[in-house]
> 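Pasting a structure below so you can have a look.
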Amino acid sequence: VMPPQLQRQSQKEPLFPDTFWNLHTTKARAGRLLIVGGHQHRFDQVQALYEISDAAGMGSIQAAMPDTLSKIVGPAGFGHFLPASGSGSLGRAALGELLHLAAESDCTVLGANLTNNAETGILAESLLKQSDSRVVVTPEAIEVAKFHPDLITVNPNVLVVTPMTGLFSLANHHNLPIAIKPRAGIMGKIAILQQLVAISRCSYVVFDGEVLVASSGKLSLTPLKTALSDHQAVMIGLAAT
């Protein structure tokens, strides 16, 4: 793999300053986000993504969760409770309403507290295949759609947001031979990302001790003072917004 022509972002100035001029000044025009996930025992990532994207300025936020959570969450006003599978996660019967909710949203986050079972996998794959909306794919969604990873990588409407472990999983699902060289550091991470980019039409945000963004044939690197690999909801919520 040839070394990339890397754009390095400093912590003093934004790499793309025009982005700030494009921010909406009112919530009514700031975009609609749909968070898809949860199962009968957990919805903490759904809640965290809601709070982070709201704080980041998202205009409207809704969540699509299995109906096994309806009594726990209650009438919060942001939740849509869809048919669950036998294991308590979202089931195949939820597809019609889920596609409708995704069509009414500007972006869908797929994978918060989403369990890896056959029925939920079929639902996630169907959403990726049939929805025309932008989709943020999380590490959980990478595992749920592991039998058809091309639904993620060849979709130009997909943004994969993951730590390096999720990138390894996605490469493994594609049977890509990944060579990890000792002490390769950031250049080793870039080389792995480039291998996936070469077979992809989607975009990537990969975070660890730094943030790597690969999109439209370009690659940028932003150093971080604190690693975010243990706080993935923060990066996913910000990237979705």
> Minimum heavy-atom separation for Pro223 and Glu210, please, with both atom names.
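Minimum heavy-atom contact is CA-CB, 4.1 Å.
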
> Looking at Ile35 and Ala112, what are the two nearest heavy atoms and their distance?
CG2-CB, 4.2 Å

> Testing the basics here: between Gly209 and Lys189, what is the closest heavy-atom pair and its distance to 0.1 Å?
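Where Gly209 meets Lys189 most closely, the heavy atoms are N-NZ, 4.4 Å.
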
> What heavy-atom pair brings His39 and Thr115 nearest, and what distance separates the two atoms?
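So the two residues come closest at CD2-CG2, 3.2 Å.
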
> If the condition is side-chain contact (heavy atoms from CB on, under 4.5 Å), which residues does Ala84 pass it with, not counting sequence neighbours?
Pro66, Asp67, Thr68

> Between the side chains of Gln62 and His80, does any donor sit under 3.5 Å from an acceptor?
yes

> Report yes if the side chains of Leu193 and Met164 come closer than 4.5 Å at any heavy-atom pair, otherwise no.
no

> Ignoring hydrogens and geometry beyond distance, is a side-chain donor-acceptor pair present between Ser89 and Ser87 at under 3.5 Å?
no

> Would you say the side-chain atoms of Ser203 and Ser215 include a donor-acceptor pair closer than 3.5 Å?
yes

> Checking side-chain polar atoms at under 3.5 Å, does Asn117 have a donor or acceptor matched by the opposite partner on Thr120?
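Present: a donor and an acceptor within the cut-off.
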
> Do Tyr204 and Leu170 touch side chain to side chain, with heavy atoms closer than 4.5 Å?
yes

> Under a 4.5 Å side-chain heavy-atom rule over Ile, Leu, Val, Met, Phe, Trp and Tyr, are Ile199 and Val206 clustered together?
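Yes, one cluster joins them.
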
> Are Ser169 and Glu143 close enough, and set up right, to give a side-chain hydrogen bond (donor to acceptor under 3.5 Å, both in side chains), and what steps lead you there?
CA-CA 8 Å; Ser169 291; Glu143 294 309 311; 3.1 Å; yes

> Over all heavy atoms of both residues, which pair between Ala64 and Leu90 is shortest? Give the atoms and the distance, please.
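Taking every non-hydrogen atom into account, O-CD1, 3.8 Å.
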
> Is the shortest side-chain heavy-atom distance between Ile142 and Val160 below 4.5 Å?
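Side-chain contact under 4.5 Å: yes.
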
> Looking only at heavy atoms, what is the nearest atom pair of Glu140 and Gly111, with distance?
CB-O, 3.0 Å

